[in-house]
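Below is one structure, written out as structure tokens, with a few remarks after it.
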Amino acid sequence: MSTDLLSEVVTSSEQVAARPIAASRRRRRRFSWWHVVLIPIALLFLLPFVQMLLASLSPAKELVTFPPPFVPSHLTLDGYSKLFTQTDVLLWLGNTVIVSATAIVSNIVLCSLAGYGFARLKFAGRSFGFFMILATIMIPTQLLMIPTYILFSKLGLLDGLGAAIVPWLATAFGIFLMRQFFLSLPAELEEAGQIDGCNRWQVFFRIVLPLARPAIATLAIFTLLGSWNDLVWPLIAINNDQAFTLQLGIANFQSTRRTQWDLLMAGNVIATLPLILFFLVAQRQFIATMTFSGLKG
Amino acid sequence: MQQSRSATVTESVTTMTDAGPGPRKKVRDRRPGWRASLSGWGFVAPATLIILGLSIFPAAWAFILSLQKWDGFSDATFVGADNYAKLVSDDEFWGAVSNTIGFTVLFVPASVLLGLFLAVALNRKIRFIGLYRTAIFVPFVVSAASTGILTTYLFSPQYGVVNNVLRVLGLPQQGWLEDPGQAMLVIAIMSLWGQAAFTTVIYLAALQDIPSELIEAARIDGANPWQVFWRVVWPQLAPVTVFVAIWQTIGAIQLFDLVYTTTRGGPLDATKTIVYFLYEKAFKTLQFGYGSAAAYVLFFVTLLITVGVVIYSRKRNLEAF
């Protein structure tokens, strides 16, 4: 990640945010002492990224000399070329894209359907069903790992991409999120649709779903973050390096390529860059997702 | 129109028209008809089956497993509560418990205080505020695997930037992840780096919800900024603090990823947490029963903490939940 790209994206988004107070901007704002506090903190938070990027572009030798130089003598792409020729990182990246894309599409479809059903339709067992789904949020994943592993091995799902995908097909959080959203929609819209002769499914797909875009964005980001960064479950369920997810492959470098820092950091840049870029573009939605996932309890 | 039987459903649902299909359905009919039920389940069944099938069912199975001795290949033998009894007398397990508590004690207060501090610092309209926010929030999207590699690099005793800075400042070099006394501290620091965004965002949202009249009134009454914060703002944030503390505690008790990607439980088991212990027992030595018992202990501890804090906060009328 390049830091000037970061600042560019951020300042532009900041200007958008600051537009309402642009009028007061004309007279010089007073200097705030908070800058003195915030600048070092911000730099400290960014430092690991700078180190990661520098190390990935450093000559391998300089990363294992003592004392280590703070800045490399020259920049090189050796780390990246080693990464791409000696490892399957692109395959793993592809695997992760498949897992996350499937998870996102499946969550959007299944959780909006279920969220709508629990919010609006009346049927026997509705309250009980929703209660059970909420109860599952309390169950820690660690409790489920062992039986799920055994179950997947019986179903022949282990060691393939399916193992990473299936647990992400639908999430309790997603149902909860979508239900909350549909409850907040005025029911008159749907009634109007029904009066015009739409059935339940048509009302859902033609009227309700298009209105649900903000909630769907939150759900998509939540699913993306979770499925992209998941480590424990793929670690247990996938032992075949052709089906590794990116996180699993990178985590494995720790034992197989212990001191090849240039390659390790190049891999790290590849693994983190997509989400970082996405975060910079859709920062607002990410923050909304964090706030909601925090406040659901 | 039907009356909803669920107390959690808001009024908007009750204003909805009857879901029943034909004109034959009477208004007094309180139970949804089979056709409405079929259509309702048509909407919710796929997601519900996946979620319950991958949580309630395995959770029950895990309990049965915890009463067995099984390696996954030979026949399972029923051993009753033996696995739990063995846990109680297992020094390795108690070591993992104390490491987990150690991490929780380091991480939770620090993460709550840091989040509060950053939220207060970021909750103002000054120049570059968007930049500061981005810098503090962006580590949140970095995975544990990546953070782990970064941690080993930054804190490497020979080549890491941290020791390099210490060297330039003339301070003694540290062992960090290779020192049993410091490894957990390093993991806590990097967890804070990745997680600060979460507590900050929650506190920011809460700060913005505090009515500005409250703060104005305190100011007019002559309170200085320090007093305004501790006498007016801080009490308003109490429910959020309870919530954030619980949430971070649950997360801290389940620490695994960052341990796996940095120390793998070492050095000298100093960072072996409960979940890491569970992982080793179940997937390295294939003691499915023993691992499940450890998982159930973890589950109950989590549940106890949550219920305990909820009851405590209800008593004090904090209404975090």
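Letters A, B, ... mirror the listed sequences (proteins, then strands); counts begin at 1.
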Aromatic plane relationship, A:F182 with A:F204 - under 30° parallel, 30 to 60° tilted, over 60° perpendicular: perpendicular
Where on B:L150 is there a heavy atom nearer than 4.5 Å to chain A: the side chain, the backbone, both, or neither? both
As a quick check of understanding, evaluate side chain to side chain contact (heavy atoms under 4.5 Å, CB included) for A:I287 and B:L204, giving each step before the final call. CA-CA 11 Å; A:I287 291 171; B:L204 257 178; over 6 Å; no
When B:L122, B:V201, B:L131 are each screened for side-chain contact (heavy atoms from CB on, under 4.5 Å) with B:I136, the one that passes is B:L122
Part of B:Y203 within contact of chain A (heavy atom distance under 4.5 Å): neither
Counting only non-hydrogen atoms closer than 4.5 Å, does B:I250 touch chain A with its backbone (N, CA, C, O), its side chain (CB onward), both, or neither? neither
So, B:Q173 side chain and B:N163 main chain: donor-acceptor pair closer than 3.5 Å or not? yes
Could you check which of B:S292, B:G72, B:A144, B:A282 has the highest count of heavy-atom pairs closer than 4.5 Å to chain A? B:S292
Crowding at CZ, A:F131 (>12 non-hydrogen neighbours, <6.0 Å): no
Identify which part of B:F283 has an atom lying under 4.5 Å from any heavy atom of chain A, answering side chain, backbone, both or neither. side chain
Which portion of B:V244 sits near chain A, non-hydrogen atoms under 4.5 angstrom: neither
Report the relative orientation of the aromatic rings in A:F279 and A:F286; use parallel for angles under 30°, tilted for 30 to 60°, perpendicular for over 60°. perpendicular
Just give me the residue among B:W41, B:Y279, B:F57 that pairs up with chain A most often, heavy atom to heavy atom, under 4.5 Å. B:W41
Check whether B:I149 gets within reach of chain A through its side chain, its backbone, both or neither, counting any heavy atom under 4.5 Å. both
Is it the side chain or the backbone of A:M145 that comes within 4.5 Å of chain B heavy atoms, both, or neither? both
Who wins among A:S106, A:A55, A:A114 for the most heavy-atom pairs under 4.5 Å with chain B? A:A114
Between B:S37 and B:W34 (side chain of the first, backbone of the second, donor and acceptor by atom type, cut-off under 3.5 Å), is there such a pair? no
Which bit of A:F128 comes within less than 4.5 Å of chain B, counting heavy atoms only: side chain, backbone, both or neither? neither
When heavy-atom pairs shorter than 4.5 Å are enumerated against chain B, which of A:G129, A:A170, A:C111 gives the highest number? A:A170
I'd like to verify something: which residue of A:I175, A:L225, A:L144 has the highest number of heavy-atom pairs under 4.5 Å with chain B? A:L144
Quick check on A:L235 against chain B: is it the side chain, the backbone, both or neither that has a heavy atom closer than 4.5 Å? side chain
State whether the side chain of B:Y296 and the backbone N or O of B:A59 hold a donor-acceptor pair below 3.5 Å, judged by distance alone. yes
Quick check on A:F278: does its CZ atom have over 12 non-hydrogen neighbours (other residues, nucleotides or ligands) under 6.0 Å away? no
Check whether B:T262 gets within reach of chain A through its side chain, its backbone, both or neither, counting any heavy atom under 4.5 Å. backbone
Parallel, tilted or perpendicular: rings of B:Y260 and B:F256 (30°, 60°): parallel
Between A:S58 (side chain) and A:L63 (backbone), is there a donor-acceptor pair under 3.5 Å? no
Need one label for A:V109: side chain, backbone, both or neither, based on atoms under 4.5 Å from any heavy atom in chain B. neither
Which bit of A:L38 is near chain B, if near means a heavy-atom gap under 4.5 Å: side chain, backbone, both or neither? both
Interface moiety of A:L246 toward chain B, non-hydrogen atoms closer than 4.5 Å: neither
Between B:S146 and A:T272, is there a donor-acceptor pair closer than 3.5 Å when you use the side chain of the first and the backbone of the second? no
Testing A:F118, A:W201, A:F123 one by one against B:F43 for a ring-ring contact (aromatic ring centres under 6.0 Å, His included), which residue passes? A:W201
Which one of A:V37, A:I250, A:L113 has the most heavy-atom pairs closer than 4.5 Å to chain B? A:L113
Under a 4.5 Å heavy-atom cutoff, which of A:I236, A:L47, A:N107 has the most pairs with chain B? A:I236
Report which part of B:A196 has an atom under 4.5 Å of a heavy atom belonging to chain A: side chain, backbone, both, or neither. side chain
Does B:F288 have its ring centroid less than 6.0 Å away from the ring centroid of B:W61? no
Taking every non-hydrogen pair under 4.5 Å, which of A:P140, A:G117, A:A42, A:S153 racks up the most with chain B? A:P140
Go through B:I50, B:N164, B:L54 and name the one with the most non-hydrogen pairs under 4.5 angstrom from chain A. B:N164
